[in-house]
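What follows is one structure encoded as structure tokens, with my remarks underneath.
All ligand and atom numbering here is 1-based and tracks the order in the structure.
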Amino acid sequence: MQDAAPKTIFLKDYTPFGWIIDDVHLTFRLHPSATRVISRIRFRPNPDATDRSFFLHGEALKPISAKVDGHEVALRQVDGGIEADVPDAPFNWEAEVEINPEANTALEGLYMSGGMYCTQCEAEGFRKITWYPDRPDVMAQFTVRIESDADHTPVMLSNGNGLYYHQDGTQTPAPNVSIYQDPWPKPAYLFALVAGDLVAHEDTFTTMSGRDVDLAIYVRRGDEHKCAFGMEALKKSMKWDEEVYGREYDLDEFNIVAVDDFNMGAMENKGLNIFNSSCVLASPETSTDGNFERIEAIIAHEYFHNWTGNRITCRDWFQLCLKEGLTVYRDAQFTADMRSEPVKRIDDVLALRARQFPEDQGPLSHPVRPESFQEINNFYTATIYEKGAEVIGMLKTLVGDAAYAKALDLYFDRHDGQACTIEDWIQVFEDSTDRDLGQFKLWYSQSGTPKVTVREDYQDDTFTLHLSQSSAPTPGQSEKLPQVIPVAVGLLNDNGVEVMPTKVLELTAAEQSFSFEGHATRPVPSILRGFSAPVTLEQDIDTARRSFLLSHDTDPFNRWEAGRMLARDSLLASIRKDTAPDADYLDGLKSVLRDDTLDPAYRALMLAQP
Ligand code: SER
Ligand code: ZN
């Protein structure tokens, strides 16, 4: 089959698939260059669909046979797959195809990596394994039987619970067969299969309701000593998701496999996460502190997808941020809890400014939820992941922690087992808070980084902040509407005492003024505390004010930002004019370093030069 010419797909054109799948049985007869895949699928008409034409995706598949209710059926090869005539009633589909894992260098579908079989199906890799409606809104229960070609594949894994494969290495009914059953309906992009000569680093976790889960990290022989850290990170993630989001793990086993050849960092396949080796293996001899933190965060991210991505998935790939923005947000909360909250926030903002802001200002600028694409693989971007997470953070800032928790409970309750949209997500917040989030939705549809400009005014005991917002045109969006921008602000008096703790101003118009009365002396504002919105901030702020904020601000983010700007100016001055470091900067730094209430990681970061 030849590659189809690039075709633009539009969000507005979405229609449901004409059929519902109750269950899928797959048999793999593994062979490096000629693997046979036998599928048995039960289809029934989808009452919510009007179009019942029968199209299944398929790419680079060698047809062996196809049957409907036991009778051979003629297949029509069409762009990207096959069509067949089927009854307008429930029927059984049975097909056999041959694929060549060894020749699969795109690393999508089933491929070989250093002698082991491995899969990557997100976003559209499953269609390279067998004919299937390879779209995330088709969710089904899978049973997978794996038959190995030789005895160099002692470990054979798939999603769900292993029925005939035991962790002590014994197998029934036959040594070269393994069977996995996944009771949770899932889309095909979460399918996974791994087979090879692997060793397991094992452990167990007891969930909040007292169920024991077998945990394993599978690696190539010789890498066994690099798994301990990842295993601890996994157990911490499982516990954190129970404690903070009330989410319990839902299978008898959870497996991670380290693979050397992998397109992405890692992948959240149900019960069988596959990782690029560099994102899971660590040893004190060869890994830096940064490596450990990154591994912990990626393990958490993939694990958290079990609820935000797998149990509740995306209706179509336009909704990618539904699972990715939320899961990035959750893994950031986890890292903040495990390590230093201010340092995590600062690291994330630095990354956002370095990667997402340029994306938003360039020719590839796109909304957090795009409205069209040609190739979904090009949309795994900083905008969808990182800005998507910022949008969740803003939502939480606007509704408050308690309302966020309530909305998330409702989300899990209402949408478990469904393939959802951003509209569903927003609706949950509207229903649980009685707030109209119509304008907030612009964060999902409008691309570009808004600019917030601040002007200050002080008269008769009243301090006023005049805020305005604007957004430059981006590709396809020449006119921008004002967005809801949560601007967290605190006020300090001239002795450095906080006279107004953090308050969230909701900037909703192009220009808006916020007044604060009863200030006998002119206060000093600390604006956009905690980087409360992914915007650029324009304010008139001189060196004296920066030194003041560095010494006195109670907000660790703005304190760091003030120090960073001062350090930059001071460094430039010492290079250009050979001056000594600015005395105010050094004083400010001293007050941070001597403040024992601040955590050591944060104080160390403050010392770093930009
Ligand atoms: N779904 C994968 C992840 O974000 C792709 O990288 O973890
Ligand atoms: Zn993810």
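Taking 4.0 Å as the cut-off between side-chain N and carboxylate O, Glu324 and Lys387 do not count as a salt-bridged pair. The residues Arg247 and Asp241 are annotated as not salt-bridged, no charged nitrogen and carboxylate oxygen being separated by less than 4.0 angstrom. Taking the charged nitrogens against the carboxylate oxygens, Asp416 and Arg311 do have a contact shorter than 4.0 Å, which makes a salt bridge. No salt bridge links Glu253 with Arg211; every basic N to acidic carboxylate O contact stays at or beyond 4.0 Å.
Numbered from 1 in the order shown, with element, the atoms of ligand 1 that lie under 4.0 Å from a heavy atom of His301 read 3 (C), 4 (O), 7 (O). Atoms of ligand 1 lying under 4.0 Å from at least one heavy atom of Glu122, given by number and element, are 1 (N), 2 (C), 5 (C). Heavy-atom proximity to Lys323, at under 4.0 Å, picks out these atoms of ligand 1: 1 (N). In the vicinity of Glu268, heavy-atom distances shorter than 4.0 Å reach the ligand 1 atoms 1 (N), 2 (C), 3 (C), 7 (O).
Shortest contact from atom 7 (O) of ligand 1 to any protein heavy atom: Glu302 OE2, 2.7 Å. For atom 4 (O) of ligand 1, the nearest non-hydrogen atom of the protein is Tyr385 OH, 2.7 Å. Given atom 5 (C) of ligand 1, the protein heavy atom at minimum distance is Met264 SD, 3.1 Å.
When distances from the Zn ion (ligand 2) to the N, O or S atoms of Glu324 are compared, OE1 comes out shortest. Here the N, O or S atom of His301 that is nearest to the Zn ion (ligand 2) is NE2.
In this structure, the side chain to side chain contact (heavy atoms under 4.5 Å, CB included) partners of Arg294, at least two apart in sequence or on a different chain, are Cys279, Ile298.
Aromatic ring centres of Tyr245 and Trp240: separated by under 6.0 Å.
The side-chain hydrogen bond (donor to acceptor under 3.5 Å, both in side chains) test with Thr308 singles out one residue from Arg330, Lys323, Glu268, and that residue is Arg330.
Looking at heavy atoms from C-beta onward, Tyr14 lies in side-chain contact with Arg315 at the 4.5 angstrom threshold.
With a cut-off of 2.8 Å, the Zn ion (ligand 2) has no N, O or S atom of Glu302 in range.
Residue Ala266 places a heavy atom under 4.0 Å from ligand 1.
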